[in-house]
Each structure stands twice: as C-alpha cells, then as structure tokens.
S.K.: 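Mind having a look at this structure? Questions to follow.
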Amino acid sequence: MEVLSVNDAEFVTLAQAKVYTGNFRDDSGEPEGLIKGLFVGKNKINALLDQTDIVGIRIYYGINSEGKTNLVLVGALSNGDDVTDLIVEK
C-alpha cells in the first residue's frame with residue numbers, strides 16, 4: 001500500500017531544475033502540444049489542499065475536449081487514494 005506524506009518530494013536547486021527541464025526538452029524534441037510548464041493559482045491549490053485529510057496533490061496528464069494535452073490535479077490522501085470531489089484542470 002502506498003503511503004503519502006505532507007513532506008513527499010524534494011527541493012532542488014535552480015541549477016538542477018535547469019538540467020532536468022533541459023533534459024526533458026532535449027529528449028522530447030518539443031513536439032507540438034507538449035506541456036513544458038504549468039501555472040495554477042494559489043486559491044485553486046489551497047482549495048485542493050484544504051479538503052479534509054489531504055496530504056498533497058497528484059497531477060495527471062490528460063487530453064482536453066480540444067485535443068490538447070493538459071494536466072489534471074486532485075487532492076491525495078495519505079493512503080494514496082485520490083479525492084475527486086474537487087478537480088483542477090489546466
């Protein structure tokens with residue numbers, strides 16, 4: 001059983017982040033529709049995190065009704081379950 005924590009994930013330096021994102025762009029060849037980054041407003045993130053027992057946010061890749069790649073964010077519980085009462089799409 002997957003166990004999630006409010007402390008999951010790691011901080012990286014700007015130099016590391018530049019290497020990681022550069023590697024992704026180099027590896028993918030930047031095809032049309034590729035998501036290079038994402039901005040979600042603080043209020044949307046807080047709304048996801050403020051749900052009962054949420055320990056973090058899980059992000060899924062999707063394709064919207066226009067056929068464009070998007071990201072879907074949901075709250076996650078410590079046992080690994082998604083909470084789908086509130087879903088953010090970007």
Side-chain angles (χ1 to χ4, degrees):
M1 168 161 78
E2 181 179 24
V3 177
L4 304 178
S5 160
V6 295
N7 291 312
D8 281 352
E10 301 295 328
F11 290 111
V12 297
T13 66
L14 176 57
Q16 289 170 308
K18 285 181 178 181
V19 169
Y20 298 161
T21 57
N23 289 344
F24 180 77
R25 286 189 304 275
D26 292 346
D27 187 56
S28 67
E30 297 194 45
E32 185 175 330
L34 175 72
I35 293 177
K36 296 184 215 173
L38 167 74
F39 173 82
V40 177
K42 180 179 179 178
N43 290 340
K44 301 294 191 236
I45 291 173
N46 285 339
L48 287 173
L49 292 174
D50 286 345
Q51 296 175 97
T52 303
D53 297 326
I54 296 298
V55 297
I57 296 172
R58 181 168 282 124
I59 303 170
Y60 292 99
Y61 288 97
I63 297 176
N64 67 19
S65 60
E66 298 169 357
K68 295 183 179 186
T69 303
N70 65 351
L71 296 175
V72 177
L73 292 74
V74 297
L77 302 172
S78 63
N79 68 0
D81 288 346
D82 292 344
V83 174
T84 57
D85 296 335
L86 182 64
I87 300 172
V88 174
E89 178 271 332
K90 181 71 177 186

S.K.: Which hydrophobic side chains are connected to Leu14, either touching it within the sub-4.5 Å cutoff or through other members that do?
M.R.: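 ILVMFWY cluster around Leu14 holds nothing else.
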S.K.: Side chains of residues 42-54: which donor-acceptor partners sit under 3.5 Å, not counting sequence neighbours?
M.R.:
from, atom 1, to, atom 2, distance (Å)
Asn46, ND2, Lys42, O, 3.4
Gln51, NE2, Leu48, O, 3.0

S.K.: Would you please name every residue forming a side chain to side chain donor-acceptor pair (under 3.5 Å) with Tyr60, sequence neighbours left out?
M.R.: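 Partners of Tyr60 by the side chain to side chain donor-acceptor pair (under 3.5 Å) criterion, ordered by chain and then number, come out as Asp82.
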S.K.: Do Arg58 side-chain atoms and Gly80 backbone N/O form a donor-acceptor pair below 3.5 Å?
M.R.: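 The answer is yes, because a donor-acceptor pair under 3.5 Å joins these two groups.
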S.K.: Checking one residue: Leu4. Which other hydrophobic residues are in its cluster under the side-chain 4.5 Å linking rule?
M.R.: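 Besides Leu4, the hydrophobic cluster comprises Val6, Val55, listed by chain and residue number.
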S.K.: Verify the cluster assignment for Tyr61 and Ile59: are they in a single hydrophobic cluster under the rule of side-chain heavy atoms below 4.5 Å apart?
M.R.: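 Looking at the clustering, Ile59 is in the same group as Tyr61.
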S.K.: Can you sort out the partners of Thr13 under side-chain contact (heavy atoms from CB on, under 4.5 Å), two or more places apart, ordered by chain and number?
M.R.: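 Checked Thr13 against side-chain contact (heavy atoms from CB on, under 4.5 Å); matches are Ala15, Gln16.
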S.K.: Suppose we screen for side chain to side chain donor-acceptor pair (under 3.5 Å). Which residues come up paired with Ser5, at least two apart in sequence or across chains?
M.R.: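 Result, side chain to side chain donor-acceptor pair (under 3.5 Å) vs Ser5: none returned.
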S.K.: According to side-chain contact (heavy atoms from CB on, under 4.5 Å), who are the partners of Leu38, at least two apart in sequence or on a separate chain?
M.R.: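 side-chain contact (heavy atoms from CB on, under 4.5 Å) check on Leu38 returns Val40, Leu71, Leu73, Lys90.
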S.K.: Mind checking side-chain contact (heavy atoms from CB on, under 4.5 Å) for Glu66 and listing every partner two or more places apart, or none if nothing turns up?
M.R.: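 side-chain contact (heavy atoms from CB on, under 4.5 Å) list for Glu66, sorted by chain: Asn64, Lys68.
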